[in-house]
**Q** 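Take a look at the following structure, please.
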Amino acid sequence: MMIGVLGSLAEYERELTKERTALKRALSRANGTRFGRPRKAANAEHISTASRMKSDDRTAKDIAKYLGVSRATLYRYLAVDQRLAPQ
């Protein structure tokens, strides 16, 4: 019986912790806090540089090394540039 009571108390405390965490997270988001890993360097200058280098027939590996990002990040930059380009 004692183990059951202790288990119930632990479960109750865990629910309280989850609730407080969710409230704090919501309050932080409302105040403009960004969560997660910060972006490497996603500004308009880097994106335009990447697209200009790509149009000059540079390889993705060379462009990524020049900008200091991975190839996957470079492809993400170029995808954003394609969406923003006027049709």
Side-chain angles (χ1 to χ4, degrees):
M1 183 171 88
M2 188 65 168
I3 292 174
V5 170
L6 289 175
S8 296
L9 285 173
E11 186 177 342
Y12 176 70
E13 181 62 31
R14 178 67 186 140
E15 289 297 320
L16 287 177
T17 302
K18 282 174 43 177
E19 185 177 320
R20 285 188 298 243
T21 304
L23 289 173
K24 180 66 175 179
R25 189 177 300 124
L27 181 64
S28 295
R29 279 197 180 120
N31 289 334
T33 302
R34 297 177 140 260
F35 293 98
R37 183 176 177 171
R39 290 181 165 258
K40 182 73 173 181
N43 56 24
E45 182 180 333
H46 275 217
I47 294 173
S48 64
T49 301
S51 66
R52 189 172 56 249
M53 290 175 79
K54 186 68 174 167
S55 67
D56 292 339
D57 294 328
R58 298 276 184 105
T59 64
K61 183 179 177 182
D62 291 339
I63 299 169
K65 188 174 182 179
Y66 177 76
L67 294 176
V69 297
S70 69
R71 281 188 300 147
T73 302
L74 172 67
Y75 290 133
R76 223 174 296 125
Y77 285 176
L78 295 174
V80 167
D81 192 44
Q82 291 295 326
R83 285 185 291 183
L84 297 177
Q87 300 293 331

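Atoms considered below: every heavy atom in the structure, side chains included; atoms not considered: hydrogens, waters and symmetry mates.
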**Q** Got D62 and K65 here, is their nearest side-chain heavy-atom distance under 4.5 Å?
**A**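 Side chain of D62 against side chain of K65, heavy atoms only: no contact under 4.5 Å found.
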**Q** So, taking the atom named CD in E11 and the one named CG in L16, what distance separates them when rounded to the nearest 0.5 Å?
**A**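 It comes to 11.0 Å.
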**Q** Within a strict 4.5 Å, meaning less than it, do heavy atoms of the L23 and R20 side chains meet?
**A**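 Contact flag for L23/R20 side chains = no.
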**Q** How close do R71 and A60 get, counting heavy atoms only, and between which atoms?
**A**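 It is CG-O, 4.1 Å.
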**Q** Using every non-hydrogen atom in the two residues, find where A50 and L74 come nearest and quote the distance to one decimal.
**A**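 Residues A50 and L74, closest heavy atoms: CB-CD1, 3.6 Å.
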**Q** For the side chain to side chain contact (heavy atoms under 4.5 Å, CB included) test, which of E13, K18, E19 pairs with E15?
**A**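 Filter result, single survivor: K18.
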**Q** More than 12 heavy atoms of other residues, nucleotides or ligands under 6.0 Å from OH of Y12: is that the case?
**A**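 Not buried by this count: 12 neighbours or fewer within 6.0 Å.
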**Q** Report the distance from atom CD1 of I63 to atom NE2 of H46, rounding to the nearest 0.5 Å.
**A**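 Nearest 0.5 Å value for the CD1-NE2 distance: 13.0 Å.
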**Q** Between side-chain atoms of residues 25-34 and protein atoms elsewhere (two or more places apart, or another chain), which donor-acceptor pairs fall under 3.5 Å?
**A**
residue	atom	partner	partner atom	Å
S28	OG	K24	O	3.0
N31	ND2	L27	O	3.4
T33	OG1	S28	O	3.3

**Q** Considering all heavy atoms of both residues, which atom of I47 and which atom of Y77 are nearest to each other, and what is their separation?
**A**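 Minimum heavy-atom contact is CG2-O, 3.7 Å.
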